[in-house]
Amino acid sequence: MSFIAVIAAARPNFMKVDPLLRALDAAGLPSELVHTGQHYDQNMSEVFFHDLDIKAPDVDLGVGSGTHAVQTAGVMVEFEKYCFERKPSWVVVAGDVNSTVACALVASKLGIKIAHLEAGLRSFDWGMPEEINRVVTDRLSDVLLTPSPDGDENLRNEGVPENRIFRVGNIMIDTLLRLLPRAKESSIHQTLDIEPGKYLLGTLHRPSNVDSEESLTRLVEILQQASSWHPFVLPVHPRTKQKLEQYGLRTQLDANDRIHLLDPLGYLDFLALSSQARAVLTDSGGIQEETTVLGIPCLTLRENTERPITVTEGTNTIVGSDEKLILSTLEDVLATDSLNASVPELWDGKTGERCAQVLKEKF
Ligand code: UD1
């Protein structure tokens, strides 16, 4: 029987594939969920299956971490075996992680049709591994499911035929809107003893921010200063944890009782925090989108974004890496109560259904 293989790999994929799997089921399209194992810790993977109530993966390729080549090649070898054995007729890959491009490469050479969920995003920054993954995956895909008009435009500029581009909206927002009522039941604010609306929330994991000692030291100084204005909650990504320890920066953060260093959080606790933060500081992609929908000010600690609509329409400000600029922008944000922002078109909780409709026509 022909079916669609849906790939999940790393933390930012889980909230994207879940609404798709539900919509495929509802549309009567058979699917299998393949977890590549790129993220494998309880708090980077399993907790999301629990919080989102995602069906258990039909197969776990168990690839794990490694250099880019080791990780990408590992996924390719294991996914090719899976394709030989199971023979999917379509593969859906999401986002921009190494597993996304690895599975797209395998599928394209085996003549399996590919749909890319979250297609067309571009930072135009080739120093980001994710940008390479995005461009290559889009080039190999038969169906490009985009979240916003800038995505359509980027694909057209790269010569992608119009009949491959389908604007479906932002699928992460399906999960956010479905689970926001449950996130409100989280007791994380009491556990941390912080008041809704009166704390800052941060996440950091981009290699460009955390891999070098100079830049991580600068970010720690920013956290220290920001925490004097509001308590600062920082769930720490494994990559960042390693680097904080390696550069001897962890002790000073632990010593500051206004900074809450946490292990990575599950979806519901994180959403409980992001939906009620005074402001969020992040280098993540998805969090720029979630804060836009939640109406929470977001400062993006990067030089660019592949999600410009969060700036032009949403609550996002790109602040780069200059310490003075970051702190003065944060001060301005904290001094203002009103936000001039709106939710982009089709970020409405129904993207999964639109994806399933497109796939049903093609399948
Ligand atoms: C990956 C994605 C990035 C995404 C991010 C979200 C790529 C190129 N990068 O980056 O786009 O925004 O996930 O988290 O695909 N580790 C653990 N436990 C885990 C997973 C990772 O300890 O469950 C450690 C690894 O050993 C490694 C580090 O974290 O040292 C980085 O993991 P990796 O998967 O290489 O990339 P991320 O930085 O997580």
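Whatever order the structure lists them in is the order used to number ligands and atoms, beginning at 1. Values below: all heavy atoms of this structure, side chains included; hydrogens, waters and symmetry mates excluded.
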Result for side chain to side chain contact (heavy atoms under 4.5 Å, CB included) between N316 and one of T300, I287, I309 points to T300
Taking the basic N atoms (NZ, or NE/NH1/NH2) and the acidic carboxylate oxygens, is any pair closer than 4.0 Å for D25 and K55?
no
State, to 0.1 Å, how close R22 and L52 come at their nearest heavy-atom pair, and which atoms those are.
NH2-O, 2.9 Å
Shortest heavy-atom approach to atom 26 (O) of ligand 1 - which of G37, S65, A9, P264
S65
Note: L145 and A115 closest approach over all heavy atoms is CD1-CB, 4.4 Å
Which ligand 1 atoms, with their elements, are less than 4.0 angstrom from a heavy-atom of P12?
4 (C), 6 (C)
Close-contact set for ligand 1 against D96 heavy atoms, below 4.0 Å:
11 (O)
Top protein contact for atom 11 (O) of ligand 1, by heavy-atom distance
E130 OE2, 2.8 Å
List every atom of ligand 1 that sits less than 4.0 Å from any heavy atom of H68, numbering the atoms from 1 in the order shown and giving each element.
8 (C)
Nearest protein heavy atom with distance in Å, relative to atom 10 (O) of ligand 1:
H205 CD2, 4.3 Å
Residue, atom name and distance, where the atom is the protein heavy atom closest to atom 16 (N) of ligand 1
Y40 OH, 3.5 Å
Atom 30 (O) of ligand 1: which protein heavy atom is closest, and how many Å away?
Q242 NE2, 3.3 Å
Looking only at protein heavy atoms, which one is nearest to atom 13 (O) of ligand 1, and how far off is it?
H39 CE1, 3.2 Å
Out of all atoms in ligand 1, which are within 4.0 Å of some heavy atom of P238? Include the element for each.
16 (N), 17 (C), 18 (N), 22 (O), 24 (C), 29 (O)
Any heavy atom of S99 under 4.0 Å from ligand 1? The part involved is neither
For the 3.5 Å polar cut-off, considering only N or O atoms, please tell me whether N133 and ligand 1 meet it.
no
What is the nearest protein non-hydrogen atom to atom 36 (O) of ligand 1, stated with its residue, atom name and distance?
R239 NH2, 3.9 Å
To the nearest 0.1 Å, how far is atom 2 (C) of ligand 1 from its closest protein heavy atom, and which atom is that?
V97 CG1, 3.6 Å
In ligand 1, the atoms that come under 4.0 Å of a heavy atom of M44 are 14 (O), 19 (C), 23 (O)
